[in-house]
Amino acid sequence: KILMGPRKVRKMRPEDIKLTAYHEAGHAFVSVMYADVTDPIHKATIIPRGRALGMVQHLPIDDKVSMTISEVRANLAVALAGRCAEEIFFGPDKITTGAESDIAMATRLARYSITTAGLSPKIGLAAINQVNNFGNRTALENASEKTAELVDAEVRAWLDDAHANAAKILAKNKDTVRKLAEELLARETLTGEEIKLCMVKQQHLRAKQPRQRVKMQKTNNEPQFEILRMPPENTNSVLVSVGDDAVIFDPWGHADAWSKLLESRGLNLRAIYATHGHSDHISAAPALAEKYNIQWFLNHADHDLVLWG
């Protein structure tokens with residue numbers, strides 16, 4: 001099925017191809033980091049089609065009739081991640097017009113969420129209709145000039161916040177994003193599964209240098225040892241806690257559920273340990289590691305996770 005038109009044969013400069021690869025790698029990486037609240041990636045490509053020099057395509061797994069504010073915020077960050085990658089890897093003087101459609105989409109989503117869906121506390125629950133005037137320019141109807149200015153400021157704030165979140169994620173994972181871009185340059189197209197496996201391998205290389213240890217805190221009394229399993233049972237997703245410290249094994253796609261459990265029990269997440277390289281087992285690992293500012297590890301003969309009291 002052709003979605004973006006036939007493949008375009010263009011004589012592109014090598015530097016433009018390279019920048020496109022990093023741009024799409026930025027989208028792909030941030031999307032995987034928000035895997036719990038965004039549609040899964042179908043593929044990423046740097047093959048030009050239509051007006052696009054490349055794209056990251058998502059395919060929803062079900063019919064979505066609404067979005068939570070967390071989903072909106074995540075999608076804004078994903079949309080602006082391409083521009084962030086250009087800034088981080090090439091510098092502010094090398095950013096391009098390639099983010100035009102990303103910025104337009106993010107602006108439409110933010111404005112709709114604020115003026116129509118009532119998702120902004122600053123604007124409130126009043127619906128502010130948008131109408132097209134001359135030249136397809138959008139204006140606000142049934143809103144005062146002051147309200148219109150507040151809306152514009154809030155849209156800008158949402159976009160700036162999304163840009164900052166995407167930039168933070170990419171800056172902390174430059175080696176992995178660079179590896180993704182190199183794979184796109186070499187192969188032109190990566191499936192969603194290949195993107196995740198590329199990220200796993202790169203994180204694995206980081207985890208092997210040096211061997212990591214996680215120290216559990218002792219108290220005067222013998223710390224309580226507990227094992228909790230996340231349903232469904234066949235996922236083998238397990239949390240082991242000793243006192244106030246915890247380690248998660250094979251988090252699967254349960255990032256939000258594990259976060260709520262950790263917070264409800266007052267546990268400190270110290271590490272995430274993936275015992276299998278399959279992407280399903282580790283899909284929540286990057287997001288959890290980012291949230292709790294810890295590392296996650298993949299099982300390997302040269303790498304052991306050591307817990308001691």
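Checked against side-chain contact (heavy atoms from CB on, under 4.5 Å), S101 has no partners two or more places apart in sequence or in another chain. The side-chain contact (heavy atoms from CB on, under 4.5 Å) test applied to I69 returns R73, L119, W158, not counting sequence neighbours. Applying the side-chain contact (heavy atoms from CB on, under 4.5 Å) criterion to E183, with sequence neighbours excluded, gives K179, R187, L190, C198. Taking the side-chain contact (heavy atoms from CB on, under 4.5 Å) definition, one finds that K260 meets it with nothing, sequence neighbours left out.
For A110 against V155, the heavy-atom pair with the smallest separation is CB-CG1, 4.3 Å. Contact detail for I272 and A289: the closest heavy-atom pair is CD1-N, 3.7 Å. For the pair A246 and L262, the tightest heavy-atom approach, listed with the atom from each and the gap, is CB-CD2, 4.1 Å. Minimum heavy-atom separation, S70 to V37: O-CG2, 4.3 Å. The two residues G98 and D102 have their closest heavy-atom pair at O-OD2, 4.3 Å.
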Please tabulate, one pair per line, all N/O donor-acceptor pairs under 3.5 Å involving side-chain atoms of residues 75-83, not counting sequence neighbours.
| from | atom 1 | to | atom 2 | distance (Å) |
| --- | --- | --- | --- | --- |
| N75 | ND2 | E71 | O | 2.7 |
| R83 | NH2 | T96 | O | 2.8 |

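Residue pairs meeting the ring-ring contact (aromatic ring centres under 6.0 Å, His included) criterion with at least one partner in residues 76-99, sequence neighbours excluded, are Y22-F89, Y22-F90.
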Take L267 and L239, measure what side-chain contact (heavy atoms from CB on, under 4.5 Å) needs, and give me the verdict at the end.
CA-CA 11 Å; L267 296 173; L239 178 145; 4.1 Å; yes
Step by step, work out the side-chain contact (heavy atoms from CB on, under 4.5 Å) result for K291 and L269.
CA-CA 10 Å; K291 180 175 182 177; L269 184 59; over 6 Å; no
What do the steps show when you test V151 against I128 for side-chain contact (heavy atoms from CB on, under 4.5 Å), and what is the final call?
CA-CA 9 Å; V151 167; I128 302 171; 3.9 Å; yes
Go through it in stages, so that I can follow the logic: the residues are I88 and K174, the test is side-chain contact (heavy atoms from CB on, under 4.5 Å), and I'd like the CA-CA distance, side-chain angles, deciding distance and then a yes or no.
CA-CA 9 Å; I88 291 170; K174 291 179 69 174; 3.9 Å; yes
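Inter-residue side-chain proximity for I195 and V32 is flagged as met; some heavy-atom pair is nearer than 4.5 Å.
Remark: the backbone N or O of R111 is paired with a side-chain donor or acceptor of T115 at under 3.5 angstrom. Using modelled atom types, no side-chain atom of T45 and backbone atom of M55 make a donor-acceptor pair closer than 3.5 Å.
Using a 3.5 Å distance cut-off with no hydrogens or angles, the side chains of H58 and S31 do pair a donor with an acceptor.
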